[in-house]
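Below is one structure, written out as structure tokens; the observations come after it.
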There are 2 protein chains.
Amino acid sequence: MKRRDFGQYCGLARALELVGERWALLIVRNLVVRPRRYTELQTGLAGIPTNVLATRLKELEQAGIVERQVAPAPQRGVVYALTDVGRDLEPAVLALARWGATQLGEPQPGDVISPEGLVLNLRAVFQPAQAAGLTACWEIHVRDVVVHAVITDGDLTTGLGAAPVKPDLIITAHVPADAPASYRGIMTMVRDGLVDLSGRKKLLDTFVRVFTIPRAA
Amino acid sequence: MKRRDFGQYCGLARALELVGERWALLIVRNLVVRPRRYTELQTGLAGIPTNVLATRLKELEQAGIVERQVAPAPQRGVVYALTDVGRDLEPAVLALARWGATQLGEPQPGDVISPEGLVLNLRAVFQPAQAAGLTACWEIHVRDVVVHAVITDGDLTTGLGAAPVKPDLIITAHVPADAPASYRGIMTMVRDGLVDLSGRKKLLDTFVRVFTIPRAA
DNA sequence: CTGCATCCACTTTGATACTG
DNA sequence: CAGTATCAAAGTGGATGCAG
């Protein structure tokens with residue numbers, strides 16, 4: 001398999017040769033959260049042509065970024081997961097997402113919000129300096145999407161579904177079914193208090209302070 | 001001008017819509033170091049088709065990442081420079097470059113080293129933790145390429161050409177004219193002592209410690 | 001049903017030539 | 001110097017087919 005290269009011996013050029021093609025980093029984004037089936041990726045990426053997905057997965061596998069695993073137990077299907085090398089991409093993905101978040105305008109009708117997107121965006125806009133020494137646990141509900149954020153002594157872990165421990169505060173955003181739900185939209189609702197709270201409500205301010213979209217330059 | 005989008009309201013997707021197309025981030029990389037003329041970009045990018053360069057510059061300008069300036073004084077030509085938004089991309093570019101640096105194999109014949117690449121790679125592999133409290137100034141000579149790295153109380157600045165202050169140590173790598181010169185190659189020479197030193201030679205070890213390519217996973 | 005492969009219209013890229 | 005014009009080759013998007 002021949003890959004097009006940039007003819008430069010440079011870290012950035014190499015990175016772009018490996019993950020610079022269309023859809024590649026979005027696939028990595030979804031796999032950062034957890035391993036996925038082919039069809040999960042297909043629906044989670046909403047719009048990726050199936051042949052492109054297949055091609056990218058092969059390229060990423062050959063690059064040592066993604067591993068194709070055969071699920072053992074009752075599932076007996078194919079599961080794609082990041083390798084260690086692939087996981088090392090997370091800081092770069094978050095850095096790009098952080099910059100991109102400053103360039104987001106209003107959501108377009110038809111834009112989707114995925115649990116993966118929400119989790120990744122939480123990680124991207126996490127402000128470690130604001131969380132120093134903090135310990136807290138939030139659960140965020142948007143329609144049928146549930147994600148959680150746990151900060152333990154300033155360290156963040158996020159994930160899909162309910163929190164692994166009893167959350168200190170549950171934030172529920174009632175987004176109409178026909179409205180596009182976006183991270184920024186949700187954060188705006190949070191900031192404006194248009195959410196239901198259950199638990200230690202004082203932790204809402206903390207949440208807003210710790211997860212802040214950097215302002216555009 | 002219609003741009004293809006990913007239909008996701010997500011920071012990463014937005015970033016990729018704006019700078020995810022081929023050559024775009026390499027253009028940004030070269031502009032991070034300093035503003036450039038069209039032809040400088042063309043030669044510095046070694047291999048970019050001229051129509052693609054023209055198209056990208058227009059797209060980046062429309063995205064508010066690049067500014068087209070008309071040079072005032074005796075030069076009176078067109079200069080492309082990053083805007084504030086474009087400069088905010090640097091952390092993401094460095095994060096990608098850092099990851100890519102771990103995925104670099106041996107340089108291929110024909111690979112080029114550019115001053116921009118050298119400067120960017122120095123920034124990418126800079127280890128702030130190792131430089132805490134440090135103040136030092138190095139100048140690196142490779143063939144006719146000269147770049148400098150200044151650390152002031154742990155903060156790094158890098159640039160093209162000779163150091164703005166008298167360097168503590170000048171490192172000269174004698175790379176044969178017909179051999180591909182790479183950042184890793186040079187760092188290997190540095191580590192193996194195959195360089196000429198002029199100045200406080202003890203600062204070579206410091207240099208190696210502060211500018212280390214992270215190992216592959 | 002999952003996990004792709006194939007086919008086709010369309011777009012982007014690369015290479016080269018050419019111009020104000 | 002700073003691009004535009006042209007065209008072949010490669011890549012992408014969309015639909016569909018098909019084996020396990």
Side-chain angles (χ1 to χ4, degrees), chain A residues 1-8 13 16-27 30-31 35-63 66-81 110 112, chain B residues 1-8 13 16-27 30-31 35-63 66-81 110 112:
Chain A
M1 190 181 297
K2 51 167 186 189
R3 13 182 77 278
R4 276 190 304 177
D5 63 32
F6 288 102
Q8 297 220 0
L16 293 175
E17 286 164 15
L18 295 174
V19 295
E21 272 157 301
R22 201 163 157 76
W23 294 103
L25 275 183
L26 289 175
I27 293 171
N30 280 19
L31 293 179
R36 297 277 166 185
R37 318 283 302 258
Y38 187 90
T39 30
E40 286 183 295
L41 288 170
Q42 203 167 189
T43 61
L45 258 27
I48 188 172
T50 171
N51 55 349
V52 172
L53 177 55
T55 305
R56 287 293 168 275
L57 285 172
K58 266 181 263 181
E59 292 166 349
L60 290 172
E61 191 187 351
Q62 221 202 320
V66 160
E67 250 176 1
R68 196 172 184 280
Q69 302 169 340
V70 177
Q75 271 89 0
R76 76 186 185 299
V78 182
V79 172
Y80 293 92
V112 297
Chain B
M1 190 180 297
K2 54 167 187 192
R3 15 182 74 276
R4 275 192 302 182
D5 61 34
F6 288 103
Q8 299 222 358
L16 293 175
E17 285 164 15
L18 294 173
V19 295
E21 273 158 299
R22 201 162 158 76
W23 294 104
L25 275 183
L26 290 175
I27 293 171
N30 280 21
L31 293 180
R36 297 279 167 185
R37 330 273 317 240
Y38 186 92
T39 29
E40 286 182 295
L41 288 170
Q42 201 167 192
T43 60
L45 259 27
I48 188 172
T50 172
N51 56 349
V52 172
L53 177 56
T55 305
R56 289 292 167 276
L57 285 172
K58 266 181 260 180
E59 291 166 350
L60 290 171
E61 191 187 352
Q62 222 201 319
V66 160
E67 249 175 2
R68 196 172 183 280
Q69 303 170 338
V70 177
Q75 271 89 0
R76 75 186 185 299
V78 181
V79 172
Y80 292 92
V112 297

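Values reported hereafter were calculated over all heavy atoms of this structure, with side chains retained and with hydrogens, waters and symmetry mates removed. Lettering of chains follows the sequences in order, A, B, ..., and the numbering in each one begins at 1.
Between D/dG3 and B/R68, a contact under 4.0 Å exists linking OP1 or OP2 to a side-chain N or O. For B/W23, no side-chain nitrogen or oxygen approaches OP1 or OP2 of C/dT12 to under 4.0 Å. Put simply, B/T50 has no side-chain N or O that comes within less than 4.0 Å of OP1 or OP2 on D/dG3. For the OP1/OP2 pair of D/dT4 and a distance below 4.0 Å, the side-chain nitrogens and oxygens of B/Y38 include no atom meeting the criterion. In this structure, B/K58 does not reach the D/dA2 phosphate: none of its side-chain N or O atoms is under 4.0 Å from OP1 or OP2. OP1 or OP2 of C/dT11 has not a single side-chain nitrogen or oxygen of B/R4 nearer than 4.0 Å. Residue A/R22 has no polar side-chain atom (N or O) positioned under 4.0 Å from OP1 or OP2 of D/dG11.
Among all heavy-atom pairs drawn from A/E21 and A/E17, the shortest one is OE1-O, 4.2 Å. Taking all atoms of both residues into account, the shortest heavy-atom contact from A/N30 to A/R36 is O-NE, 3.7 Å. Minimum heavy-atom separation, A/L45 to A/W23: O-CZ3, 3.6 Å.
At a cut-off of 3.5 angstrom, counting only N and O atoms as typed in the model, there is no donor on one side facing an acceptor on the other between the side-chain of B/N51 and the base of D/dG3.
Note: CZ (B/R76) to P (D/dC1) measures 12 Å, nearest angstrom.
Taking a cutoff of 4.0 Å between a charged side-chain nitrogen and a carboxylate oxygen, B/R56 and B/E59 qualify as a salt bridge.
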